[in-house]
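Notes to accompany the following structure.
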Amino acid sequence: MKLNNEGLKSPEWKEKGYKNISYDREALKKNTHDAPIWVHFGAGNIFRGFPARLQEELVEKGLSDKGIIVGEGFDYQIISDIYDKYDNLTLLVTLKANGSIDKRIVGTVTEAYPCAYESTEGWNRFKEIFASPSLQMISFTITEKGYALKNPAGEYFPGYVADFAAGPGKGTMFLSRLTELLLHRYNSGKYPLAVVSMDNCSHNGEKIELAITTIAAEWVKNGLAPQGFSDWLASPSVSFPWSMIDKITPRPDAGVAAMLKKDGYEDTDVVVTDKHTYIASFVNAEECEYLVIEDDFPNGRPALENSGVYFTDRETVNKVEKMKVCTCLNPLHTALAVFGCLLGYTLIADEMKDEDLVKLVKTIGYKEGLPVVVDPGIIEPKHFIDEVVEKRIPNPFMPDTPQRIATDTSQKLSIRFGETIKAYIASPELDVKTLKCIPLVFAAWLRYVMGVDDEGKAFEPSADPLLAYAQEKVKGIKLGDSNPDVGDILSNEKIFGIDLRSIGMDKLVMDYFARMIKAPGAVREVLHETVNA
């Protein structure tokens with residue numbers, strides 16, 4: 001049971017309960033090569049475990065005879081060590097909350113290349129694809145950071161400054177090379193195209209649009225591209241649909257690898273690339289998934305509604321995104337991440353065996369968040385939370401960690417909690433002073449950045465662009481201190497979304513925090529008292 005074109009011929013796949021490819025993959029490759037419709041940039045696990053499988057279902061149902069061409073603009077080692085090595089195949093392992101496991105091979109990726117000049121074959125092929133009238137969409141899972149042209153201080157990154165001056169053909173940054181490919185499409189016939197971010201961030205279509213149009217405008221300003229290029233990007237011929245994606249595809253898990261090995265599957269090695277990507281021939285993923293996309297495709301699109309994608313208008317996409325990020329999932333995850341690190345947990349699923357933590361996330365979701373959620377109409381908010389609390393977070397087969405989710409927490413608090421606070425303030429029926437668990441999470445985050453767990457042991461907080469700033473505010477505070485001073489951090493609207501002092505919430509946050517540093521075990525004590533009050 002080896003994952004390559006020859007290995008798929010083995011009868012063992014079927015005997016061991018694996019779903020093998022049922023279509024003519026060579027015909028799929030030829031059809032895709034001759035008239036490509038979809039290029040995806042970002043070759044990691046979320047793409048392999050979700051969009052690639054969505055297209056797989058269309059091909060299996062006879063609703064498409066085209067696959068997906070993949071480009072990687074950051075970690076080229078993924079292409080050589082995972083895509084090339086396994087003939088662009090993926091083994092998708094879906095771990096269900098009821099304990100059952102679905103194992104299937106995904107074969108809809110027909111070509112994969114680094115999106116880099118030094119990959120001559122790949123770069124020439126991308127130029128050929130972007131010049132093709134048949135191309136309908138390019139999509140992305142490059143993380144939110146991938147769209148940033150500027151640093152937190154608002155200054156352009158040096159790579160983009162250089163690319164603005166150098167122009168097409170000399171791009172050092174991925175988005176510069178992507179914009180060059182779009183310029184090539186413009187020059188080849190001004191063919192229509194949808195540019196679709198599938199990254200897990202609010203207003204993702206707006207982010208990719210701003211990045212591309214900014215690069216194009218700088219080239220036009222410097223005489224390196226025609227004004228018509230910017231005009232084309234702003235025309236109805238090019239769309240930047242918004243989307244909301246939700247599916248957990250964590251790092252390859254050793255337990256999953258062992259299970260596959262027991263079946264006789266040979267390709268269980270996990271690769272850690274030079275850029276610290278953890279990836280393998282297999283992807284382990286949760287069962288639950290959502291993909292909602294603004295239906296704006298000027299050159300047509302795959303019929304992905306037949307594999308579970310919601311196509312709707314921009315306003316509804318925004319409502320779904322806000323529902324998930326501000327109320328029904330992300331705030332619960334962040335609360336578990338911060339408390340999980342403090343209380344010594346290494347798996348999110350294990351936290352859902354903790355009565356105090358279960359009460360915490362249910363209070364934040366149902367009691368504090370749900371009263372201000374905007375119902376998007378296509379997904380019922382309470383049902384979404386039910387699934388999160390009952391199926392998704394407790395799933396024992398999902399090896400996700402609080403330490404991973406705690407990454408960049410300072411960038412998340414304002415959206416995941418601040419929007420709820422603002423909605424309370426704006427509501428004539430609700431009182432912001434009734435919020436108890438959201439301020440508790442803020443206090444726990446201050447306690448977390450101290451880098452000392454509830455037993456008094458030091459730990460390394462996860463990466464965060466404002467970690468040094470936050471640690472400076474709690475510098476010198478030790479367990480047992482009374483009247484701790486955290487300076488003006490609670491007035492920082494960039495972190496909390498609102499000046500907590502201006503609404504009087506800072507007093508409750510500081511009360512919680514002061515109690516949490518009294519002694520080892522105080523975090524647990526404050527948590528227990530608050531959720532059981």
Side-chain angles (χ1 to χ4, degrees), residues 1-30 32 40 43-61 67-70 72 75 77-113 247-273 277-287 289 307 395-400:
M1 294 174 71
K2 291 190 70 64
L3 192 66
N4 54 42
N5 291 331
E6 190 63 29
L8 293 191
K9 298 175 183 177
S10 169
E12 284 192 74
W13 298 103
K14 186 175 181 181
E15 293 167 7
K16 296 290 175 65
Y18 290 65
K19 183 176 175 58
N20 206 335
I21 289 171
S22 59
Y23 50 86
D24 184 341
R25 191 164 182 246
E26 291 306 310
L28 185 79
K29 289 179 185 177
K30 184 178 188 310
T32 308
H40 183 88
N45 292 329
I46 182 65
F47 163 71
R48 297 164 69 217
F50 197 3
R53 199 217 73 241
L54 295 174
Q55 187 67 6
E56 182 88 11
E57 290 185 18
L58 291 191
V59 174
E60 285 181 338
K61 293 173 182 176
I68 306 171
I69 297 158
V70 168
E72 174 56 41
D75 196 340
Q77 196 176 336
I78 296 174
I79 301 297
S80 59
D81 290 10
I82 297 298
Y83 282 78
D84 293 348
K85 184 176 179 181
Y86 301 110
D87 292 334
N88 296 329
L89 296 163
T90 292
L91 173 59
L92 176 58
V93 182
T94 303
L95 308 160
K96 301 183 180 181
N98 66 4
S100 64
I101 299 170
D102 179 75
K103 296 168 282 190
R104 66 181 298 164
I105 295 160
V106 177
T108 38
V109 174
T110 59
E111 303 170 63
Y113 311 99
K247 187 179 179 74
I248 299 172
T249 53
R251 290 176 176 178
D253 180 62
V256 173
M259 175 197 70
L260 296 174
K261 200 166 190 176
K262 190 176 180 182
D263 282 346
Y265 180 71
E266 297 182 37
D267 299 311
T268 57
D269 291 345
V270 176
V271 172
V272 183
T273 70
T277 303
Y278 286 71
I279 199 161
S281 69
F282 64 93
V283 172
N284 36 241
E286 70 168 335
E287 171 187 9
E289 61 187 25
S307 48
N395 188 339
F397 296 101
M398 287 308 299
D400 214 350

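From a predicted model like this one, the values you see are computed outputs, not experimental measurements.
- Looking only at side-chain heavy atoms (C-beta outward), N45 and P252 come within less than 4.5 Å of each other.
- Interatomic distance, OH of Y23 versus CG of L58, reported as 11.0 Å (0.5 Å rounding).
- At distances below 3.5 Å, not a single donor-acceptor pair connects side-chain atoms of K2 with backbone N or O atoms of D267.
- Summarising the geometry of A43 relative to E72, their closest heavy-atom pair is N-OE1, 2.8 Å, with the distance given to 0.1 Å.
- Taking K261 as the reference, nothing meets the salt bridge (charged side-chain N to carboxylate O under 4.0 Å, His left out) condition, with sequence neighbours excluded.
- The shortest non-hydrogen separation linking L3 to L8 is CD1-CD2, 4.4 Å.
- Residues A285 and T249 come closest through the heavy atom pair CB-CG2, 3.7 Å.
- Residues meeting the side chain to side chain contact (heavy atoms under 4.5 Å, CB included) test with N395, sequence neighbours left out: A97, F397, M398.
- Under the rule for a ring pair (Phe, Tyr, Trp, His ring centres under 6.0 Å), the partners of Y113 that lie at least two apart in sequence or sit in another chain are F126.
- A donor-acceptor contact shorter than 3.5 Å links the side chain of S80 to the backbone of Q77.
- In terms of the ring pair (Phe, Tyr, Trp, His ring centres under 6.0 Å) criterion, residue partners of Y18 (sequence neighbours excluded) are, by chain and number, W13.
- For the atom pair T273 OG1 and D75 CG, the distance stands at 3.5 Å (nearest 0.5 Å).
- M259 contributes atom CE, which lies 4.5 Å from atom CD1 of I101 (distance to the nearest 0.5 angstrom).
- Distance CD1/I78 to CD1/I279: 4.5 Å, rounded to 0.5 Å.
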**OP:** Given salt bridge (Lys or Arg N to Asp or Glu O under 4.0 Å), test E56 with K19 step by step and report yes or no.
**Re:** CA-CA 12 Å; E56 182 88 11; K19 183 176 175 58; over 6 Å; no
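- To the nearest 0.5 Å, atom CZ of residue F282 and atom CG of residue L260 are 6.0 Å apart.
- Applying the side chain to side chain contact (heavy atoms under 4.5 Å, CB included) rule to D253 yields the partners V256, N284, P399; only residues at least two apart in sequence or on another chain are considered.
- Judged as a salt bridge (charged side-chain N to carboxylate O under 4.0 Å, His left out), not a single pair has a partner in residues 79-89 (not counting sequence neighbours).
- Not counting sequence neighbours, K96 has no partner by the side chain to side chain donor-acceptor pair (under 3.5 Å) test.
- Atom-to-atom distance recorded for E289:CD and T94:OG1 is 7.5 Å, nearest 0.5 angstrom.
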Subject >> Verdict with supporting geometry, R25 and N88, side-chain contact (heavy atoms from CB on, under 4.5 Å) >> reply: CA-CA 11 Å; R25 191 164 182 246; N88 296 329; 3.7 Å; yes
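- Using a 4.5 Å heavy-atom cutoff, the side chains of Y278 and V272 are in contact.
- Among residues two or more places apart in sequence or in another chain, the side chain to side chain donor-acceptor pair (under 3.5 Å) test is passed with E266 by none.
- Listed by chain and number, the residues in a salt bridge (charged side-chain N to carboxylate O under 4.0 Å, His left out) with K14 amount to none (sequence neighbours excluded).
- Annotation: salt bridge (charged side-chain N to carboxylate O under 4.0 Å, His left out) contacts of D400 (sequence neighbours excluded): R404.
- Checked by atom type and distance alone, the side chain of R48 never pairs as donor or acceptor with a backbone atom of L92 at under 3.5 Å.
- Judged as a salt bridge (charged side-chain N to carboxylate O under 4.0 Å, His left out), the pairs with a partner in residues 100-111 (not counting sequence neighbours) are, in order, E60-R104, K103-D263, E111-R125.
- Look at E26 and K30 and you find no salt bridge, because none of the NZ, NE, NH1 or NH2 atoms lies under 4.0 Å from a carboxylate O.
- In terms of the ring pair (Phe, Tyr, Trp, His ring centres under 6.0 Å) criterion, residue partners of F47 (sequence neighbours excluded) are, by chain and number, H40.
- Residues V283 and R53 have side chains not in contact (no heavy-atom distance under 4.5 Å, counting atoms from C-beta outward).
- Between L89 and the choices V109, V106, I21, T108, the side chain to side chain contact (heavy atoms under 4.5 Å, CB included) rule is met once, by I21.
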